[in-house]
Amino acid sequence: MVSKKKKKLTPVMQEYQALAKKREPSKFAFIKLCRAFLVGGLICLLGQIIQQLFVHFGGFSIKEAGSPTTGVLVLISVILTSLGVYDKIAQWAGAGTAVPVTGFANAMASAAIEYRRDGIVLGMGGSIFKVAGPVIVFGTVAAFAVGIAHIIFDPNIVGG
Amino acid sequence: MLKGHQSWVFDNKPSILSAATSVGPFEGQGPLAEDFDIVHSELYLGQDSWEKAEKAFLEEAAKMAIQHAGLTEGQIQFHFGGDLMNQIISSSFAARTLAIPYFGLFGACSTSMESLALAAYVVNSGGAKHTLAATCSHNASVEKQFRYPTEYGSQKPPTAQFTVTGAGAAVLGREGNGPYVTSATIGRVVDMGMTDPFNMGAAMAPAAVDTIEAHFRDLQIEPGYYDLIVTGDLSKVGYEIACDLFKKHNIPMEQTTYSDCGMMIYDYKTQNVQAGASGCACSAVVTYGHLLNRMRRGELNRILVVATGALLSPLSYQQNESIPCIAHAVSIEREK
């Protein structure tokens with residue numbers, strides 16, 4: 001199938017792009033999937049351990065322990081970002097470090113560090129959501145859509 | 001002077017009186033470390049922002065080049081320079097310090113040879129006794145402007161390139177003992193509809209081949225005239241494509257050695273740079289450091305440096321524009 005974008009290209013361009021494509025190393029690699037699985041899983045395991053510690057030593061219930069656990073993971077991620085380590089781990093781990101909450105914390109912290117030098121208000125304040133902003137916007141939109149679907153298919157949930 | 005369609009032949013042979021390079025720590029760990037005048041151990045150079053650090057790199061290289069030539073700023077008539085920042089602030093702010101009458105240029109990473117070609121042209125035509133050509137780039141400032149915050153953990157694809165931190169400057173004069181700038185071919189903008197900003201080598205390769213082809217046609221020479229032909233920052237992916245294109249266009253590059261500055265500056269085995277290096281400083285520090293040193297040692301007599309530039313902005317990418325590219329070729333020879 002010829003995409004709409006491709007149709008605009010001249011035959012010379014299309015020929016070149018086919019040639020260039022042949023020389024492009026594949027972005028897909030099975031090893032990358034394994035790394036992402038491994039690191040993502042390890043971060044979840046770490047979260048589980050922290051949660052259990054809160055339950056056993058902090059007197060939290062399992063449900064209550066969720067928030068402080070997230071807080072600790074975010075803190076670890078921010079510290080690693082500040083030390084300049086997180087992006088190096090991420091190059092190796094890919095989605096393994098991007099998907100858990102640590103990835104979100106890294107997106108916020110890295111933007112805050114980067115734009116701090118452009119001023120606290122206009123720099124950091126204005127640009128802190130530069131990377132994480134779309135996640136929040138479309139996360140909210142998705143939550144809204146899921147919420148509507150929930151009401152339609154399970155009316156008893158309203159008010160509950 | 002004008003020869004063929006888009007080339008200049010410099011009959012008065014402007015001489016590169018001196019050149020200087022200043023690079024960051026990561027470049028200092030690469031195989032060309034010995035060829036750089038100054039290798040810094042950190043990226044900030046005592047400044048409080050990446051942009052200011054980039055300017056400091058340029059100021060340092062420019063001042064050093066002028067000093068090596070045995071001149072003062074006042075004896076240089078014109079300064080040609082540019083960089084990758086919005087409104088070429090690094091270059092213009094360095095020009096404020098140098099206080100030399102200044103032409104600010106933007107040709108993305110091709111600015112290194114664009115500035116050298118113009119600086120040579122002005123000296124050759126008698127417009128100046130001495131000129132300065134200087135360009136710089138900074139890995140972190142480029143990441144910040146074109147990609148993500150430097151500490152953001154995004155995985156780079158194998159086609160991505162690592163922007164060189166550093167600056168290169170050359171002083172040209174009418175009288176000198178060489179190496180001499182003998183000709184230049186100014187490239188046209190070539191756009192093959194490539195859209196991936198993480199694969200700029202593939203976008204720029206056709207522009208490089210177009211300019212090289214024009215250079216041979218205009219000057220009526222063959223690749224064998226040169227000991228070495230280097231492109232600016234095509235890196236691994238673009239380099240292979242360029243080799244394919246040379247074959248397709250029947251340009252006998254096997255007569256000479258063809259290489260790419262983006263593949264020379266880092267060690268692929270120990271430095272994690274994906275496809276290779278890029279940036280205004282890439283071709284500048286390799287040419288003004290490594291290649292001129294090799295010419296001085298007599299290992300090379302004639303070289304052609306073809307700096308390549310991708311003329312995109314983060315905005316043009318977001319608006320789904322393709323990447324227009326350009327390449328400028330400058331030939332440097334040891335003897336008149």
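In the text below, chain A, chain B and the rest are named by the order of the sequence lines, each starting its count at 1.
Only the backbone of B/S154 comes within contact range of chain A, judged by heavy atoms closer than 4.5 Å. Using a 4.5 Å cut-off between heavy atoms, B/D48 touches chain A through its backbone atoms (N, CA, C, O) alone. Of the atoms belonging to A/S26, it is backbone heavy atoms, and not side-chain ones, that fall under 4.5 Å from chain B. Using a 4.5 Å cut-off between heavy atoms, A/K32 touches chain B through its side chain atoms alone.
Between the CE atom of B/M192 and the CE atom of A/M13 there is a distance of 7.0 Å, given to the nearest 0.5 Å. Rounded to the nearest 0.5 Å, atoms CD (B/Q155) and CZ (A/R35) are 7.5 Å apart. With values rounded to the nearest 0.5 angstrom, B/I241 atom CD1 is found 11.0 Å from A/K22 atom NZ. Taking CG of A/L83 as the start and CD of B/E151 as the end, the distance is 9.0 Å to the nearest 0.5 Å.
At least one side-chain heavy atom of A/Q91 sits less than 4.5 Å from a side-chain heavy atom of B/Q274. Annotation: side chain of A/D87 is not in contact with side chain of B/Y152 (no heavy-atom distance under 4.5 Å). Within the 4.5 Å cutoff, the side chain of A/P25 has heavy atoms near those of the B/T159 side chain.
The environment of B/H5 atom NE2 is sparse: at most 12 non-hydrogen atoms of other residues, nucleotides or ligands sit within 6.0 angstrom. Shown here is A/L42, whose CG atom has more than 12 heavy atoms of other residues, nucleotides or ligands within 6.0 Å. For CZ of B/F106, the number of neighbouring non-hydrogen atoms (other residues, nucleotides, ligands) closer than 6.0 Å is greater than 12.
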Practice problem: Test B/K144 against A/D118 for side chain to side chain contact (heavy atoms under 4.5 Å, CB included), laying out the working first. | Solution: CA-CA 12 Å; B/K144 180 179 171 185; A/D118 304 344; 3.1 Å; yes
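Ion pairing between a basic and an acidic side chain is recognised when a charged N comes within 4.0 Å of a carboxylate O; B/K248 and A/E15 show such pairing.
Of the listed residues A/G94, A/A95, A/S110, the one with more heavy-atom pairs under 4.5 angstrom with chain B than any other is A/S110. Annotation: maximal heavy-atom pairing with chain A below 4.5 Å, among B/G201, B/A202, B/A140, occurs at B/A202. The most heavy-atom pairs under 4.5 Å with chain B, out of A/A20, A/A112, A/A29, come from A/A20. Looking only at heavy-atom pairs under 4.5 Å with chain B, the residue among A/A107, A/S127, A/A98 that has the most is A/A107.
Closest heavy-atom contact between B/G193 and A/L9: CA-CD2, 4.0 Å. Across every non-hydrogen atom of B/Y148 and A/E114, the tightest pair is O-OE2, 4.4 Å. Considering all non-hydrogen atoms of both residues, A/N106 and B/G153 come closest at OD1-N, 2.8 Å.
B/N272 contributes no side-chain N or O that, together with a main-chain N or O of A/W92, makes up a donor-acceptor pair within less than 3.5 Å.
With sequence neighbours excluded, the residues satisfying side chain to side chain donor-acceptor pair (under 3.5 Å) with A/R117 are B/Y44.
When the heavy atoms of residues 54-82 of chain A are compared with those of chain B, the residues falling under 4.5 Å are A/T81, listed by number.
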